[in-house]
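Contents: one structure, followed by commentary.
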There are 2 protein chains.
Amino acid sequence: MASSSSSLTLSQALLARPTSLHGSNSSSSDRVSLSNVSLPSFSGLKSRSSISSSPHKPTHCTGSRRRASLIRAVAVESLGKTTEASLVEKSVNTIRFLAIDSVEKANSGHPGLPMGCAPIGHVIFDEVMKYNPKNPKWFNRDRFVLSAGHGCMLHYALLHLAGYDSVKEEDLKNFRQWGSSTPGHPENFETPGIEVTTGPLGQGIANAVGLALAEKHLAARFNKPGHEIVDHYTYSILGDGCQMEGIANEACSLAGHWGLGKLIAFYDDNHISIDGDTQIAFTETVEARFKALGWHVIWVKNGNNGYDDIRAAIKEAKAVKDRPTLIKVTTTIGYGSPNKANTYSVHGSALGAKEVDATRKNLGWPYEPFHVPEDVKKHWSRHIPEGAKLEAEWNAKFAEYEKKYKDEAAVLKSIINGELPAGWEKALPTYTPESPADATRNLSQQNLNALAKVLPGLLGGSADLASSNMTLLKMFGDFQKDTPEERNVRFGVREHGMGAICNGIALHSPGLLPYCATFFVFTDYMRAAIRISALSEVGVIYVMTHDSIGLGEDGPTHQPIEHVASFRAMPNILMLRPADGNETAGAYKVAVHNRKRPSILALSRQKLPNLPGTSIEGVEKGGYIISDNSSANKPDVIMIGTGSELEIAAKAADDLRKEGKTVRVVSFVSWELFDEQSDAYKESVLPAAVSARVSIEAGSTFGWEKIVGSKGKAIGIDRFGASAPAGKLYKEFGITKEAVIAAAKEVS
Amino acid sequence: MASSSSSLTLSQALLARPTSLHGSNSSSSDRVSLSNVSLPSFSGLKSRSSISSSPHKPTHCTGSRRRASLIRAVAVESLGKTTEASLVEKSVNTIRFLAIDSVEKANSGHPGLPMGCAPIGHVIFDEVMKYNPKNPKWFNRDRFVLSAGHGCMLHYALLHLAGYDSVKEEDLKNFRQWGSSTPGHPENFETPGIEVTTGPLGQGIANAVGLALAEKHLAARFNKPGHEIVDHYTYSILGDGCQMEGIANEACSLAGHWGLGKLIAFYDDNHISIDGDTQIAFTETVEARFKALGWHVIWVKNGNNGYDDIRAAIKEAKAVKDRPTLIKVTTTIGYGSPNKANTYSVHGSALGAKEVDATRKNLGWPYEPFHVPEDVKKHWSRHIPEGAKLEAEWNAKFAEYEKKYKDEAAVLKSIINGELPAGWEKALPTYTPESPADATRNLSQQNLNALAKVLPGLLGGSADLASSNMTLLKMFGDFQKDTPEERNVRFGVREHGMGAICNGIALHSPGLLPYCATFFVFTDYMRAAIRISALSEVGVIYVMTHDSIGLGEDGPTHQPIEHVASFRAMPNILMLRPADGNETAGAYKVAVHNRKRPSILALSRQKLPNLPGTSIEGVEKGGYIISDNSSANKPDVIMIGTGSELEIAAKAADDLRKEGKTVRVVSFVSWELFDEQSDAYKESVLPAAVSARVSIEAGSTFGWEKIVGSKGKAIGIDRFGASAPAGKLYKEFGITKEAVIAAAKEVS
């Protein structure tokens, strides 16, 4: 049985593209396909003594499209041992059926990719990658990102075989169920062993670029001659869908520019997307495009069983050190399914009981659902001791490093552990009302530069607006291909790629604190990446300047209106709109502290005065009183402002107080933080009994009813902006002291 | 004076890249540069009898970097006449100084691109393009899109010279001022002659792809042998910034796939972006990438004065009919400014009085600000009569066509005029509570297919999710390279490009009604394009399915939470969340009617019953009562639901009524439409006296306080979703009838 189930059947070869699709029975093409299995002069990726190299036995298969065949033994030097070709094939089929069975049980999911990419998955997880299943967070592990995240059952099956505790058999059986560690797309925050959250296409490959950037950066900063303490690869699988997404082109253009030689991406070229053959919408030459982007490109034509070609490609990719490598692997989606392979129907639905049976027959798989054959189990079981050994060796290496380079080791440790240096907050600048008025984008730069001195993991940059966003770290140069130790990252005009790359950087090591910047309105370009920061609990700091009509002449295409509201509605993200120097410092304090929640800082282009009463501590509460002449928590009116309009609220209050009114001015810099305060605190700022409330914010009033109540008034802008000098716009749109005073009189 | 101001000076040649940057004074490179000016064997773009071909006179210039030189006369066959090379140069300098002077007066703007691209601008607007300045909307005009929208002064200067009424001298003097027709970035809704709204980078080239798609589609549908009634080109200028944006790659990949041979894009290759030399972030080979995308590529190395090379490139581009063409034109940003050319400082700031003077001297420009020399004015003045003639000729051609092809002419006319066929609304399907339950995505497909029969301008498709979004028009095939007359557009997994292409299609002709589709959560990928639909008053129909946690197992990456709220906050867009068949039909009625306002339809993956009381008319009011057992406009409690949760509200009401309560159920399908109703109507639905209100919507509660008031209760989901079957999620997240009933008891 072992031989009949583990050998490569001709029907599999028949399914291989491009020699034959849908079972054309040319025996000459069979031979072409099989000859590819012969071993080239390939010295292996890692070597160890061989265990077995017995030749395959002939095998008789039943079924019209299956025939007997002799497969030559293939001695493979792999991570752990020389593995019989038959066992490789059996392992690959195990992966396929774990995916098939899990999707079938859930009656939901995507079997096609795991069935087609199982050979790639087997080679990289069993033979190539360094990892420790019992410590998924081991620092120097190779990273793997399934950019085509819908194929997550491939990744879960591999984690299961490799011995990760996060994916036991019962987890596979709970695929896509409430509370399981095997959700419908890979989620780093649910499943140890998953590096990043993918599913939205193109994000993963951009995350992988960020992971590879982080490795290159840390290696350049910390490695010493003879002490390669940071030294790992980043692997990714992306599909046709990822390739079509603009974000992938953005990120891959940067990967080429930066020469990320340890990034190796597999392009699962299966010619099928949800709507059918990729010919209907995707006829570009991907290889040529990647060469144009500065990548090394290899094409493995038989991804269905050309194991040696996959191995040789990885070897070649590793030899190319100055460029990332794209390995285009032509595969058959749903490989092994006699009636659904190479069709879109196998992409995103369970095969159905009948086709599962047919596939079992076709691939000679006699086992029960979820069964891992003993020899496969045994073969993979070495990854637990070997992973432990890899980590122990690295720990020893690190101990040596630590002896020689104590300071560097301490800093690297803090980056690995995510421990911020004690007292880092003291570096934050503070301001008084006498400090000169300044734009919060400039104050932001003061904070970034102050923090760069105390936070070794802070790095980042702008999407070609560094001089407008004010994001340059003056003490550092540019992170570039030949200066990767530097910390100013030049993203070019690629907002979406930038956000996703920062997600990857942050998820590389808990102590890396990436920030990135553009005009606030262009968060629209990168919203999908920002949402993944929020969802996957990644504390990226988004430095978003030119935060309202206050930018003036560039006009409505550049003036955010609905953006503050749109992020207030997003879960697990901090939307901060500081009003002056102290509030900008407070916003940075909050942003740095929140390592599992991204922060967006909306910053002004125009100068703003430093207001009496603002404070870092106030910002940490989200909403707080900056001035008040009332007593007993009963002001005549409460003025609420954010960012550049807090000044207007304060001025209006001054005028009203001169008229004898009691007025409280509240800065409402972050709604989310205020929401988290105690009821008593909230009552002390916004007493329920005071319904006379006026808010002012140069943006959409959407959502403000919650704060001002139905008897209050929200002053804002519920139309698009216009091109004119900022002062003129404030007047024309009624964002003025006079409007606040009039509203206050109306409501109180 | 004419000769000294109009000849090509050596200092200009010195500024030309790549032979010399920053004024290196090698005389050999001067000669190389000048030799490029000689006339190749080029037979011209359009021919007409020549007026003048007198040779340039030698000219003596002052200033250290200027020298005398002899320029050979260049006889150019152009649109109208053979133009002296000296006059061309003078026209180009006029464009440059109109830009310089306008930016200087505004003390804000981007002079660098207009100065560098003035030669391209002159050639296409003066010699190549067909347009009628007195009727900017003439149907068969060539379209021009400045994708690098910050360089809008180039376009304004060209419109001014060509005689468009929208850009008079006073408009140039009001550049970037309140109420002017010359805002800081091009806006189609402000300035006749501007085709689309650009500024956010990459959008414009994608719009241009949409315009070219529309031309190809209409030409295939309506042209007859000998009657090329639809026949124009689409030109675009894009810069390095556009090239870096992912959306540009998405759209250009599609343009190559579709073989849009009449799309000609100029890539302003000036090697400068805001952060400095493009070397810091952009080192890919753009030409190779475009070839990989299926484009024809030409490189004009001397874009600063290689007029004949530009002309020859356009000729070549027109000869290539099966592919779009990218003409890479190497230019010098800020050409002519002795101290700022070829630096980022000239990109986005006024030159300053001193440098303006120096540039005037350098380019030999003795005129006052905003002056158009008489010979230039006279030269351009022919475009008014010639434009009128072009239109008249086309009108005659159309009259011939109409005689022969009456029906086709009538349909084309309706597309040109944007007149919807009388009674089209009757095609909308209606439903009763007895109609079978169905997903609103399926009901949407019924509507799309019903409308396709009566709306000749309806076309669109999905970003590779046609079979999930249910967007296929069954009576039509695929719009493809060789079947451009069809109406199902296959966008591939390119949401952002899809949105911007639809903006272009809609702005081609008022009667074209593009729709596009993806999962609702992936509006995050295309939000920048959707915002431009809203801002630029383009009635694209966004068909967004899988609109809540109701999609189930795919999990939180695929489950929209904050999306409905985020679009409710956006100006000039209709966010519609229909509950069943009648409401889906109502949503389409609204969407088709609103030609100047985009609509987003959020549609369910899961089946929903057809509810008693829903109606098309109700949807048109945004919020309306679907059932009520109260009297005197005083229910005990008002239940408010949208989309898939309206059913839950209705069921809760039934239960409460059984307990003796008076309950009103309100469908709140579109907040924007409800906001537009009379106060009396609003009071009739949501009486101020009834504060007992409960809303239910499977999404963020952000903003609902406005509707339910501070005494009401909003049931929703203020966290990310999860991967599990939909029913389980509804229970776990408390989106249930029981929760509504409990809330109703709490508030009433």
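From a predicted model like this one, the values you see are computed outputs, not experimental measurements. So that the names make sense, note that chain A is the first sequence line, chain B the second, and so on, each numbered from 1.
- Neither the backbone nor the side chain of B:S180 comes within contact range of chain A; no heavy atoms are under 4.5 Å apart.
- Using a 4.5 Å cut-off between heavy atoms, A:A722 contacts chain B through its side chain alone, with no backbone atom that close.
- Contact annotation for B:K706: both backbone and side-chain heavy atoms come within less than 4.5 Å of a heavy atom of chain A.
- A:H496 has its side chain out of reach of B:H496: every pair of non-hydrogen atoms, C-beta onward, lies at least 4.5 Å apart.
- From B:D275, atom CG reaches atom OG of A:S468 across 8.0 Å, with rounding to the nearest 0.5 Å.
- Within the 4.5 Å cutoff, the side chain of B:R494 has heavy atoms near those of the A:F282 side chain.
- Using a 4.5 Å cut-off between heavy atoms, A:T523 makes no contact with chain B at all.
- Ranking A:G184, A:A529, A:A281, A:A724 against chain B, the residue ahead of the rest is A:A281, based on heavy-atom pairs under 4.5 Å.
- Interface residue A:F720: backbone and side-chain heavy atoms are both found under 4.5 Å from chain B.
- Looking only at side-chain heavy atoms (C-beta outward), B:W178 and A:L729 come within less than 4.5 Å of each other.
- For the pair B:I274 and A:S467, the minimum side-chain heavy-atom distance is below 4.5 Å.
- Within residues 252-259 of chain B, the residues having any heavy atom under 4.5 Å from a heavy atom of chain A are, by residue number, B:S253, B:L254, B:H257.
- Your options are A:L201, A:T197, A:T557, and the one with the most heavy-atom pairs under 4.5 Å with chain B is A:T557.
- The shortest distance between side-chain heavy atoms of A:M244 and B:E250 does not fall below 4.5 Å.
- Contact annotation for B:V521: only side-chain heavy atoms (C-beta onward) come within less than 4.5 Å of a heavy atom of chain A.
- Partners of B:E562 under the salt bridge (Lys or Arg N to Asp or Glu O under 4.0 Å) rule, at least two apart in sequence or in another chain, are A:R531.
- With a 4.5 Å cut-off on non-hydrogen atoms, B:S108 touches chain A through its side chain but not through its backbone.
- Legend: residues meeting side chain to side chain donor-acceptor pair (under 3.5 Å) with A:N488, ordered by chain and number and at least two apart, are absent.
- Looking at A:R527 and B:S566, their side chains come closer than 4.5 Å, going by heavy atoms from C-beta outward.
- Between the CG atom in A:D464 and the NE2 atom in B:H347 there is a gap of 7.5 Å [rounded to 0.5 Å].
- Contact annotation: the side chain of B:H110 approaches that of A:D554 to within less than 4.5 Å [non-hydrogen atoms, C-beta and beyond].
- Put simply, of A:I532, A:I530, A:T701, A:V493, the one with the most heavy-atom pairs under 4.5 Å next to chain B is A:V493.
- Under the side chain to side chain donor-acceptor pair (under 3.5 Å) criterion, B:Q177 pairs with no residue at all, not counting sequence neighbours.
- In terms of non-hydrogen atom pairs under 4.5 Å with chain A, the most contact-rich of B:A534, B:G109, B:G202 is B:A534.
- Within the 4.5 Å cutoff, the side chain of A:Y525 has no heavy atoms near those of the B:Y525 side chain.
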